[in-house]
Amino acid sequence: QGRQVRFGIRLHVILRETSEEAWQAADRLIAHLDDDTIARAQASLARFDSVGQQRMAELHGGSRDKLLVAPNLWAGIGLVRGGAGTALVGSHEEVADRIAEYHELGLDHFVLSGYPHLEEAYHFGEGVRPVLAARGLLGDGAVERRVARVDAGHVLAAGRHRGTRRRGRARTSSSGTPRSSAASACA
């Protein structure tokens with residue numbers, strides 16, 4: 001009834017000036033996880049009925065050896081975290097390439113976060129966003145309104161989220177799309 005179906009993706013991002021630096025940062029995120037911690041987390045996550053969680057586990061099988069599941073798509077976060085467990089990892093150009101590819105496939109909503117949240121929001125805003133803008137992917141009808149939502153810890157684009165304390169204030173982009181304070185700082 002007059003609605004348009006749109007598609008999106010929820011990912012973490014690990015961005016640095018070079019691909020090597022980004023992969024080192026990804027490795028540091030899981031460097032101190034021992035095999036017992038991963039096994040316990042995987043056993044706990046396996047109890048969920050979520051098909052998405054089951055598919056996430058199938059990507060890596062609980063093994064550190066199977067974390068690269070596609071170019072620049074790393075499943076390391078999913079070793080110990082439920083829900084969104086994949087991250088785009090790479091240089092600003094590489095991550096912009098992947099976002100452009102997803103956009104070409106028909107995805108136009110991008111919910112991105114990272115560890116640490118605020119720092120990755122700045123890495124994205126200062127490094128990837130200009131690349132996307134130079135390629136013409138930011139602006140009317142493109143991904144700008146969707147990319148503007150960067151989850152920066154407890155600062156959420158939509159303002160208050162049930163059970164989450166709100167830090168900062170929600171802001172709105174020129175298109176009227178809610179944005180988090182961190183995303184606004186990157187704009």
Side-chain angles (χ1 to χ4, degrees), residues 6-19 21-23 25-26 28-30 52 55-56 59 67-139 141-159 161 164 166-168 170-175 177-187:
R6 294 186 175 161
F7 299 92
I9 192 165
R10 165 74 169 92
L11 296 165
H12 298 282
V13 290
I14 303 171
L15 313 160
R16 299 297 182 273
E17 289 290 324
T18 68
S19 184
E21 291 171 324
W23 286 106
R28 280 192 301 274
L29 283 177
I30 63 168
R55 289 183 179 162
M56 184 70 234
L59 286 176
L67 298 179
L68 184 60
V69 295
N72 302 99
L73 188 61
W74 181 70
I77 295 168
L79 287 174
V80 293
R81 182 193 189 280
T86 52
L88 288 175
V89 180
S91 68
H92 303 136
E93 287 282 337
E94 290 170 331
V95 170
D97 289 344
R98 300 297 82 79
I99 290 172
E101 288 170 2
Y102 284 124
H103 182 63
E104 288 170 17
L105 291 171
L107 282 78
D108 61 356
H109 293 269
F110 297 85
V111 181
L112 308 170
S113 64
Y115 298 103
H117 298 294
L118 186 59
E119 287 83 350
E120 287 300 340
Y122 277 102
H123 286 298
F124 185 90
E126 295 171 355
V128 177
R129 198 169 189 287
V131 175
L132 293 173
R135 294 179 183 183
L137 289 174
L138 297 183
V143 298
E144 179 176 15
R145 291 179 304 276
R146 283 76 174 185
V147 170
R149 182 174 185 221
V150 177
D151 177 354
H154 294 289
V155 182
L156 300 176
H161 198 278
T164 303
R166 181 175 171 220
R167 296 181 193 162
R171 299 178 186 206
T172 305
S173 70
S174 59
S175 65
T177 303
R179 294 167 48 167
S180 71
S181 298
S184 297
C186 296

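Note that the coordinates shown come from a computational prediction; the quantities given were computed from them, not determined experimentally.
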Which atom pair, heavy atoms only, marks the closest approach of His12 to Gly114? ND1-N, 4.1 Å
Out of curiosity, Leu112 CG to Leu11 CG, how far, rounded to the nearest 0.5 Å? 6.5 Å
Please enumerate all residues that pass side-chain hydrogen bond (donor to acceptor under 3.5 Å, both in side chains) together with Glu21, with sequence neighbours excluded. Thr18
May I ask you to test the His103-Asp108 pair for a side-chain heavy-atom distance under 4.5 Å? yes
Side chains of Val128 and Leu15: closer than 4.5 Å at any heavy-atom pair? yes
Quick one: pull up CH2 in Trp23 and CZ in Arg16 and give me the separation to the nearest 0.5 Å. 12.5 Å
At their closest point, which heavy atom of Pro116 faces which heavy atom of Glu119, and how far apart are they? CB-OE1, 3.0 Å
Where do Pro130 and Gly125 come nearest, in terms of heavy atoms and distance? CD-O, 3.4 Å
Between Arg10 and Ser113, which heavy-atom pair has the shortest distance, and what is it? NH1-OG, 2.9 Å
Which heavy atom in Val69 sits nearest to a heavy atom in Ala75, and how many Å separate them? CG1-CB, 4.2 Å
Backbone N/O of Ala84 and side chain of Arg81: donor-acceptor pair under 3.5 Å: yes
At what distance, to the nearest 0.5 angstrom, does CG of Leu88 lie from CZ of Arg98? 8.5 Å
Using a 4.5 Å cut-off on heavy atoms from C-beta on, say whether the side chain of Phe110 contacts that of Val13. no
What's the spacing between Leu29 CG and Leu79 CG if we round to 0.5 Å? 11.0 Å
Salt bridge (charged side-chain N to carboxylate O under 4.0 Å, His left out) filter on Glu93, not counting sequence neighbours, yields Arg135
With a 4.5 Å limit on heavy-atom distance, are the side chains of Val89 and Leu68 in contact? no
Once you round to the nearest 0.5 Å, how far does CG of Leu73 lie from CG of Leu59? 7.5 Å
For residues Arg129 and Leu138, determine if any side-chain heavy atom of one lies less than 4.5 Å from a side-chain heavy atom of the other. yes
Output for pair (Met56 CE, Ile77 CD1), nearest 0.5 Å, gives 8.5 Å
Side chain to side chain, Leu67 and Ile30, heavy atoms closer than 4.5 Å: yes
Measuring only between side-chain heavy atoms, which start at C-beta, is Leu132 closer than 4.5 Å to Phe124? yes
Side-chain (His123) to main-chain (Ile14) donor-acceptor, under 3.5 angstrom: no
